[in-house]
S.K.: 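Quick one: the structure is below, and I'll ask about it shortly.
All values below were derived from every heavy atom in this structure, side-chain atoms included, with hydrogens, water molecules and symmetry-related copies excluded. From a predicted model like this one, the values you see are computed outputs, not experimental measurements.
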Amino acid sequence: MITFLIILLAIILIAVVLFVSWFLSMKANGKCPLCAIKKLTIPRRITIDTSDANDYDNGVAKTPPMGWSSWNTFRNHIDQDLIMETANALVDSGLAEAGYQYVNLDDCWQSSMRDEDGKLQGDLKTFSRGIPALIKDINALGLKVGLYSSNGSLTCEDMPASLGNEVIDAKTIASWGCEFFKYDFCHNSVISGDCPAIEKIELNNLNETQYNSELTLNPEDAVLSGRAKIINLKELPSGKAIGYLNHGAGAAEFTVTTLPHGKYALTIVHQKTFRRRDSYAQVIVNGVMHEVFFPHGKGFSDSGRTQIVVELKDGENTIKISNPVVTVADSEYIQYSRMGRALKNASKQWAQFTQTEEKPIVYSICEWGTGMPWIWGRKAGNMWRTTHDIMPIWTSIVALYNFTLKHYQSAGPGAWNDPDMLEVGNGKLTEDENKSHFSLWCMLAAPLMLGNDIRKFVDGNNNPVEGNAALKIVTNKQLIAIDQDPLGKPAKLIKKVTGVDIIARPLLNGDVAVCLFNKSSSAKNIHLDLLDLVNDQYLLMRKANEYELHELWSDKRTTATAISTSLAKHSVQVYRIKTL
């Protein structure tokens, strides 16, 4: 026992010594150690203030996108023939007419190597015709095509991904006519909250006719905010620098009025210290944000030079430098926003270049809910995964529903919570479970992306297979109308009653959709007084003497002021309620 206590005390002492050493080293190098520690307390929550950022709003996904994705059934075994067969089945089965318009190629559509220009390309064997030709053929069917990449060095199946290649990849897929883009999270590299001490900023005009237009901005020229301050650093030639710019600690802002309009090389002269990964800063010039990565490691000298090209205007210019990254969520927000901007710019630029109508790209953020994207997702894209991957088993479906339901206030037209693709028709789900799954996704105002082999919905004569239970479920027009309601308000939990969830959402025409969901493994009797709905301000339901109740699976209509019914295990009943 005594030996154990001695070892424990030794470990604690070593940890304290290491912490104190790190703390003092941070301060000595112009860093804010307390700001760096903050990330340990809220690792998944964004700290960047997005209140002034505009919603992503690229003019599409005003209702939740509907289509099909290759991953759930085919995973990495896809080719051009399978995709074309699926596109044809989408039309022949009646799914396209029901609203399913996107044919989305998930991971493994791409070759393991980029082309000679550094662009993504289709697998040279399985997509030998090329992705542009495939998209053209699918477009000819009246459908749209989606593609996939990852916010990392590689995709989840270790194919080339787009982190660091956002602009070229966005331009590539926009030129192909892609109209949906899923951006995954495998092999991600987190942006560091570290920022070096800044000795000075140098500006020189890149226009040959104004060769002598240059300026040096020293620490005392800056307006400092937050904890940013001028520190003494004897290692640097000037002996001073702006410090405490790390982990959202503070910012330095310069005003420049003496230089003529033009493109300038902006050189950041900074301290070099040993780092395990690149440090980072954002340089905002007249409202335009430039990202700067300072190489990790340590050279033979104490100061380094890192350059970007910026544009200055005649008159007053502002240059602000900081590192707002504190948490992993901050890093994700920056990276996913970067790709979002690239996609919006690429679709516009391609339309201008070809003098054709723009094809905005629905941007699907797939970071698995790790950084609470329901908080910042609408600023970065059109939809965001709230959870990790779905599986075709009941517990998975219920878990994803439970988690997504809580974030109903985050979603709306052009910006949707995404509890992942549909598993209707997959695995060993019962018919009631498939109906519940589809109903819940419609109530959540979730994107409806089929994940089964829809070729099975079509017979040998290219006609829909009569009596196919899964096809009937996913083409229920009344449920789809709930999902696609233009008001775009997802369902919220109204009450729980002995294993049954009662959830409801308001609809544009004043109706209210109500779903009675029996989560439990036994049948349940349930009674709901509609006054419970009237009293909920979110639903905007008027009090009346009578209501029309339309149950959307049985298609039965009644008039009443309450619902009394029996629910089989794992089943739902969905009502569209109209005030009479």
S.K.: What I'd like to find out is whether the side chain of Leu450 reaches to under 4.5 Å of the side chain of Val424, using heavy atoms alone.
M.R.: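 In short, these two side chains do not touch, never coming nearer than 4.5 Å.
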S.K.: Measuring only between side-chain heavy atoms, which start at C-beta, is Tyr100 closer than 4.5 Å to Ile480?
M.R.: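 Touching, per the 4.5 Å side-chain cut-off.
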S.K.: About how many Å separate OG of Ser128 and CG of Asp81, when rounded to the nearest 0.5 Å?
M.R.: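 Spacing of CG (Asp81) from OG (Ser128) equals 8.0 Å.
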S.K.: Would you please name every residue forming a side chain to side chain contact (heavy atoms under 4.5 Å, CB included) with Cys186, sequence neighbours left out?
M.R.: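 In terms of side chain to side chain contact (heavy atoms under 4.5 Å, CB included), with neighbours along the sequence ignored, Cys186 is linked to Ser150, Cys156, Trp368.
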S.K.: Who are the side-chain hydrogen bond (donor to acceptor under 3.5 Å, both in side chains) partners of Thr404, not counting sequence neighbours?
M.R.: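 Residues passing side-chain hydrogen bond (donor to acceptor under 3.5 Å, both in side chains) with Thr404: Thr386.
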S.K.: With heavy-atom distances below 4.5 Å as the criterion, would you say the side chains of Ile46 and Met372 are in contact?
M.R.: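 Side-chain contact under 4.5 Å: no.
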S.K.: Under 30°, 30 to 60°, or over 60°: which ring-plane class applies to Trp376 and Tyr333, parallel, tilted or perpendicular?
M.R.: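 Correct class here is perpendicular.
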S.K.: Which atom pair, heavy atoms only, marks the closest approach of Met84 to Asp137?
M.R.: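 Here Met84 and Asp137 meet closest at SD-CB, 3.9 Å.
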S.K.: Which residues pass the side-chain hydrogen bond (donor to acceptor under 3.5 Å, both in side chains) test with Thr50, sequence neighbours left out?
M.R.: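 side-chain hydrogen bond (donor to acceptor under 3.5 Å, both in side chains) list for Thr50, sorted by chain: empty.
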S.K.: Does Arg45 reach the side chain of Thr327, with side-chain heavy atoms less than 4.5 Å apart?
M.R.: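 Answer no - side chains too far apart.
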S.K.: Which residue pairs pass the side-chain hydrogen bond (donor to acceptor under 3.5 Å, both in side chains) test with at least one member in residues 158-170, sequence neighbours excluded?
M.R.: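 Every side-chain hydrogen bond (donor to acceptor under 3.5 Å, both in side chains) pair that includes a residue of residues 158-170, provided the two are not neighbours, is Arg114-Asp169, Ser149-Ser162, Asp158-His187, Ser162-Asp169, Glu166-Arg338.
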S.K.: Side chains of Asp123 and Trp109: is there a donor and an acceptor less than 3.5 Å apart?
M.R.: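 There is no such pair (donor and acceptor under 3.5 Å, judged by atom type) between the side chains of Asp123 and Trp109.
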S.K.: Strictly by salt bridge (charged side-chain N to carboxylate O under 4.0 Å, His left out), give each pair with a member in residues 437-465 just once, sequence neighbours left out.
M.R.: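 Sorted pair list: Glu85-Arg455, Asp453-Arg455.
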S.K.: Kindly give the heavy-atom pair with the smallest separation between Ala61 and Pro65, and that separation in Å.
M.R.: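 Looking at all heavy atoms of both residues, the shortest contact is CB-CG, 4.1 Å.
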S.K.: For a quick test of reading the model, state the closest non-hydrogen atom pair linking Arg341 to Tyr56 and the distance between them.
M.R.: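 Minimum heavy-atom separation between Arg341 and Tyr56: N-CE1, 4.5 Å.
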S.K.: Taking only residues at least two apart or on different chains, which pairs with a member in residues 75-109 satisfy disulfide (SG to SG under 2.5 Å)?
M.R.: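 Of all non-adjacent pairs touching residues 75-109, none passes disulfide (SG to SG under 2.5 Å).
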S.K.: Could you give all pairs that pass the ring pair (Phe, Tyr, Trp, His ring centres under 6.0 Å) test and reach residues 520-566, with sequence neighbours left out?
M.R.: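 Sorted result for residues 520-566: Tyr408-Tyr538.
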S.K.: Could you label the plane-to-plane angle of the His437 and Trp441 rings as parallel, tilted or perpendicular, counting under 30° as parallel and over 60° as perpendicular?
M.R.: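 The rings of His437 and Trp441 stand perpendicular, inter-plane angle above 60°.
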S.K.: Which heavy atom in Leu549 sits nearest to a heavy atom in Ala562, and how many Å separate them?
M.R.: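 It is CD1-O, 3.8 Å.
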S.K.: What donor-acceptor contacts under 3.5 angstrom involve side-chain atoms of residues 387-398, with partners at least two apart or in another chain?
M.R.:
unit_1: Asp389; atom_1: OD1; unit_2: Arg385; atom_2: NH2; d: 2.7
unit_1: Trp394; atom_1: NE1; unit_2: His570; atom_2: NE2; d: 3.2
unit_1: Ser396; atom_1: OG; unit_2: Met391; atom_2: N; d: 2.9

S.K.: What pairs meet the side-chain hydrogen bond (donor to acceptor under 3.5 Å, both in side chains) rule with one or both residues in residues 478-507, with sequence neighbours excluded?
M.R.: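 For residues 478-507, and leaving out neighbouring residues, the side-chain hydrogen bond (donor to acceptor under 3.5 Å, both in side chains) pairs sorted by first residue read Thr63-Gln484, Tyr401-Asp501, Lys492-Asp536, Lys495-Asp532, Lys496-Asp501, Asp501-Lys519.
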S.K.: Using a distance-only test with no angle check, is there a side-chain donor-acceptor pair under 3.5 angstrom linking Asn463 and Asn461?
M.R.: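 Asn463 vs Asn461: no donor-acceptor pair found between side chains.
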S.K.: Any side-chain donor paired with an acceptor under 3.5 Å for Asn188 and Gln335?
M.R.: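 Indeed, the side chains of Asn188 and Gln335 share at least one donor-acceptor pair under 3.5 Å.
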S.K.: In the structure I gave you, are the side-chain heavy atoms of Cys178 and Val145 within less than 4.5 Å of one another anywhere?
M.R.: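 No; the side chains remain at least 4.5 Å from each other.
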S.K.: According to the interplanar angle, ranging from 0 to 90°, do the rings of Tyr102 and Phe180 count as parallel (below 30°), tilted (30 to 60°) or perpendicular (above 60°)?
M.R.: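 Correct class here is tilted.
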S.K.: Is there any disulfide (SG to SG under 2.5 Å) pair reaching into residues 383-417, and which pairs are they, with sequence neighbours excluded?
M.R.: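 Not a single pair qualifies under disulfide (SG to SG under 2.5 Å).
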S.K.: Of all residues at least two apart in sequence or in a different chain, which pass the side-chain hydrogen bond (donor to acceptor under 3.5 Å, both in side chains) check with Asn452?
M.R.: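 Testing Asn452 for side-chain hydrogen bond (donor to acceptor under 3.5 Å, both in side chains), a comparison that skips the adjacent residues, returns none.
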S.K.: Does some side-chain heavy atom of Met66 sit less than 4.5 Å from a side-chain heavy atom of Val474?
M.R.: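 The answer is no; the side chains never approach within 4.5 Å.
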S.K.: Can you name the residues that form a side-chain hydrogen bond (donor to acceptor under 3.5 Å, both in side chains) with Lys435, not counting sequence neighbours?
M.R.: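 None.
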